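In what follows, a structure is listed as structure tokens, so that the remarks can point back to it.
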Amino acid sequence: MEDPNVFAGAFVDRSGERRKDPDWMANALQSDGARFVPIWGDQCLVSGELPEAVLLTRRQVDAYFDEDNLIFLGLFRDHPAFAVAISQGLDAPFRELGEFQSLRHLGTVLPADEANLVAHARALVLWHQSQVFCGICGSPTVAEAGGNSRRCRNQGCGRELFPRTDPAIIVIVADGDRCLLGRQSNWPEGLYSTIAGFVEPGESVEDAVRREVYEETNIRVGDVTYHSSQPWPFPSSLMLGFFAEAESTDIILNDGELEDARWFTRAQLQKGEIGLPFRISIARRLVDHWLKRDDAAAECA
Ligand SMILES: [Zn+2]
């Protein structure tokens, strides 16, 4: 089995059955083994030259911990693991233990299991902060199920809110030995990437692939094959990666989202004629795998 995409990998045993077991949760919270992932604003605490996530004990997070906003992540390396939100209004705490950094930079350097854990913690903390009030009646909401859902406090409403992920497609479109890449005007000069966009209501992901590629580049796509997915926690996307085969080749930037889109040959990419996305992104993995796929085909020919 291939290594999972960065941030993915199911390294946390989510132990869904424990979420509604208050006795187990209370014991876990108080246990010496409990570990807490601090999220300050949207940043994560790390230490060391080759950074590792800093996981805290209950005693260390006592000043910040709020049992009404408990966020249970699951079992991590056999320890009950929780997220703890720290208001960004405060000076960065725990300076003696490490430094808070952006997850965007940490994805490439943290051990894979820690990247999975802290991305999960950060996504849930940010979700809770955005769901303090009910979207139907405007009443305050309260965390439940170990912080894996919230409920409106207004008994006449009682709406249950679940953490959301926003599905987005990302696709490398091939035309023989060429692939379709585009760039947005605010990207670093020379950087090109795969076509991507959010799935809209009423669409299958395959429909979304065909629509996004057409809207952005005017290219009609035939076969669409699923590759892999990546939880992309900025803030809550789920990137669904595909290979697709082009049925047309004339590029027109229909919706103006891209500043440029072109066909690039494998040789051009291998020579480094353009910049490619960060190694942590599924976009880069799609490009790398497409290059390898063609290499294999070339060897067979
Ligand atoms: Zn409500």
Side-chain angles (χ1 to χ4, degrees), residues 7-8 10 12-30 34-44 58 61-76 80-90 93 103 116-169 197-205 207-208 229-240:
F7 301 126
V12 179
D13 169 2
R14 294 180 182 231
S15 306
E17 73 285 3
R18 307 288 195 201
R19 294 173 184 170
K20 292 188 175 172
D21 183 343
D23 294 338
W24 186 91
M25 200 65 73
N27 281 334
L29 259 185
Q30 298 302 334
R35 292 293 177 268
F36 295 80
V37 183
I39 304 294
W40 177 61
D42 64 358
Q43 300 190 340
C44 309
R58 174 62 194 265
V61 298
D62 246 1
Y64 305 98
F65 190 72
D66 172 2
E67 288 209 26
D68 288 336
N69 281 298
L70 171 70
I71 302 177
F72 174 61
L73 302 171
L75 300 178
F76 181 70
F82 300 85
V84 59
I86 297 166
S87 163
Q88 202 165 22
L90 304 171
L103 193 56
N116 177 235
L117 176 76
V118 298
H120 179 186
R122 177 184 180 280
L124 271 181
V125 164
L126 296 182
W127 175 76
H128 279 278
Q129 290 170 349
S130 72
Q131 303 294 324
V132 176
F133 297 102
C134 174
I136 299 293
C137 75
S139 300
T141 63
V142 62
E144 57 177 31
N148 286 275
S149 60
R150 296 184 73 84
R151 188 180 292 277
C152 176
R153 281 181 189 268
N154 172 2
Q155 287 188 351
C157 173
R159 186 177 183 227
E160 210 174 353
L161 310 168
F162 292 96
R164 62 179 286 177
T165 53
D166 301 324
I169 61 88
F198 286 105
V199 180
E200 295 188 350
E203 267 185 334
S204 71
V205 290
D207 294 339
S229 65
Q230 181 180 42
W232 188 245
F234 308 108
S236 56
S237 298
L238 176 62
M239 306 302 294
L240 302 156

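For ligands, and for the atoms within them, numbers begin at 1 and follow the listed sequence. All residue numbers refer to positions in the sequence shown, counting from 1. Keep in mind that this is a model prediction, so the values were computed, not measured.
Without hydrogens or angle criteria, Asp42 side chain to Arg122 main chain gives no donor-acceptor distance under 3.5 Å.
Around the Zn ion (ligand 1), the protein atoms of type N, O or S that sit closer than 2.8 Å are Cys134 SG, Cys137 SG, Cys152 SG, Cys157 SG.
Classification of the Phe82-Phe72 ring pair by plane angle, with boundaries at 30° and 60°, yields tilted.
Environment of CD in Gln155: sparse, with no more than 12 heavy atoms of neighbouring residues, nucleotides or ligands closer than 6.0 Å.
The line from CD of Glu203 to CD1 of Ile169 is 9.0 Å long, rounded to the nearest 0.5 Å. Residue Phe7 holds its CZ atom at 4.0 Å from CZ of Phe234, rounded to the nearest 0.5 Å.
In this structure, Cys152 and Thr141 approach most closely via the heavy-atom pair CA-CG2, 4.0 Å.
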